[in-house]
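Down below is the structure, laid out as structure tokens.
These numbers were taken from a predicted model, which means no experiment stands behind them.
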Amino acid sequence: MSDHEQQQPAPHRGKVLEALARAERKVFTRPAPKSANAQVKFLLTRMTGSARSLAERVGTSTRTIERYRAGKLKKPQKRLHAALVEATESEWQPQVRAQAREQASTSRGMMVEVTAYFGFTCTGSSDDGRERQITTDISPTYVKQILELQAAGATEEELYPIVAEAITESYFTEWGTRADGLRADFTAVSSISFRF
């Protein structure tokens, strides 16, 4: 392994961004390529055959990409495997993903299941903050904002307030019918998942 390969960190996303990516993967109508050879061939078709640009994207050498394309290498190291899977799934079935995102942000909304520490601020009294497990629908308005932030490259910390606001509206204030003025913030997310 070259020095360049050792210096590249493994790709990492926060829990909210990873949950959004998992939700998109669940709408695929066909499975994404699984073998490294098939993933490299697929990604090269998306990148107009440029092994150099693919190598830069997944953090390896051009020669390594050429070896996977030719079938000389079969099993990538963990870091490269994770980068290939992430790159493949981000390029796989773009129309299916776009259709699911469009429906969620205009008519259907999205389901969120989260276990996190919720703290509250409001006029009057409220429960003290504590860890809660919540499953609730998010309105299309909030889904649109969340997906736009994700597409714009928002960080995990930038997504937390809008997700917390969406959960507050649907779960704690029941779409504005109770607990007027309540604001919930969440931190220490243990787990989160979305469903389109």
Side-chain angles (χ1 to χ4, degrees), residues 7-28 32 39 43 46-47 53-54 56-59 79-122 129-173 175-176 181-196:
Q7 294 173 358
Q8 295 293 323
H12 175 72
R13 289 187 279 200
K15 290 182 180 181
V16 173
L17 292 169
E18 182 58 37
L20 288 168
R22 278 193 317 268
E24 284 185 342
R25 286 192 298 265
K26 288 180 182 178
V27 301
F28 289 162
Q39 290 169 337
L43 290 169
R46 292 296 172 142
M47 304 184 101
S53 60
L54 177 57
E56 289 172 5
R57 181 174 178 182
V58 297
R79 181 194 50 75
L80 179 57
H81 174 71
L84 285 171
V85 167
E86 182 177 340
T88 301
E89 289 177 349
S90 71
E91 296 286 335
W92 189 248
Q93 293 191 328
Q95 288 110 352
V96 172
R97 282 197 325 270
Q99 183 179 23
R101 293 167 73 92
E102 179 66 25
Q103 288 176 348
S105 63
T106 57
S107 60
R108 274 200 326 231
M110 193 164 46
M111 178 72 74
V112 63
E113 184 176 326
V114 63
T115 303
Y117 183 87
F118 284 86
F120 305 94
T121 56
C122 72
R130 66 177 188 265
E131 186 171 276
R132 295 175 184 251
Q133 182 176 359
I134 295 172
T135 302
T136 188
D137 287 314
I138 295 178
S139 74
T141 306
Y142 285 109
V143 172
K144 183 176 182 179
Q145 292 174 9
I146 291 167
L147 295 176
E148 286 174 351
L149 283 172
Q150 179 197 24
T155 64
E156 192 80 358
E157 291 74 28
E158 293 169 335
L159 286 169
Y160 273 14
I162 191 69
V163 174
E165 189 178 325
I167 292 170
T168 300
E169 181 186 314
S170 67
Y171 183 82
F172 293 111
T173 66
W175 310 104
L182 177 73
R183 196 184 106 226
D185 294 316
F186 70 80
T187 56
V189 176
S190 300
S191 67
I192 187 167
S193 65
F194 294 99
R195 283 187 300 242
F196 286 111

Quick one: pull up [atom1] in [X] and [atom2] in [Y] and give me the separation to the nearest 0.5 Å.
X: K144; Y: E148; atom1: NZ; atom2: CD; answer: 5.5 Å
X: S90; Y: L43; atom1: OG; atom2: CG; answer: 7.5 Å
X: E165; Y: I146; atom1: CD; atom2: CD1; answer: 9.5 Å
X: R97; Y: W92; atom1: CZ; atom2: CH2; answer: 11.0 Å

Under 3.5 Å donor-acceptor, [X] side chain and [Y] backbone:
X: K26; Y: R195; value: no
X: R22; Y: L17; value: no
X: R101; Y: L147; value: yes
X: E24; Y: A21; value: no
X: K15; Y: V189; value: yes
X: R79; Y: G59; value: yes
X: S105; Y: E102; value: yes
X: E156; Y: V16; value: yes

Between [X] and [Y], which heavy-atom pair has the shortest distance, and what is it?
X: A23; Y: F196; result: O-CD1, 3.6 Å
X: R46; Y: P94; result: NH1-CG, 3.8 Å
X: A32; Y: T88; result: CB-CG2, 4.3 Å

Is [Y] close to [X] at the side-chain level, that is, under 4.5 Å between some pair of heavy atoms?
X: T106; Y: P140; value: no
X: Y142; Y: E169; value: yes
X: T135; Y: V112; value: no
X: M111; Y: T136; value: no

| task | Can you sort out the partners of E91 under salt bridge (charged side-chain N to carboxylate O under 4.0 Å, His left out), two or more places apart, ordered by chain and number? | result |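 E91: salt bridge (charged side-chain N to carboxylate O under 4.0 Å, His left out) contacts with R57.
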| request: Tell me, yes or no, whether the heavy-atom count around F194 atom CZ, taken from other residues, nucleotides or ligands under 6.0 Å, exceeds 12. | output: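 More than 12 within 6.0 Å, yes.
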| query | Does the pair E18/R25 count as a salt bridge with the N-to-O cut at 4.0 Å? | reply |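 Judged by the 4.0 Å cut-off on N to carboxylate O distance, E18 and R25 do form a salt bridge.
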| task | State, without any angle test, whether S190 and E131 hold a side-chain donor-acceptor pair at a distance under 3.5 Å. | result |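 Checked: S190/E131 side chains pair up, N/O donor to acceptor below 3.5 Å.
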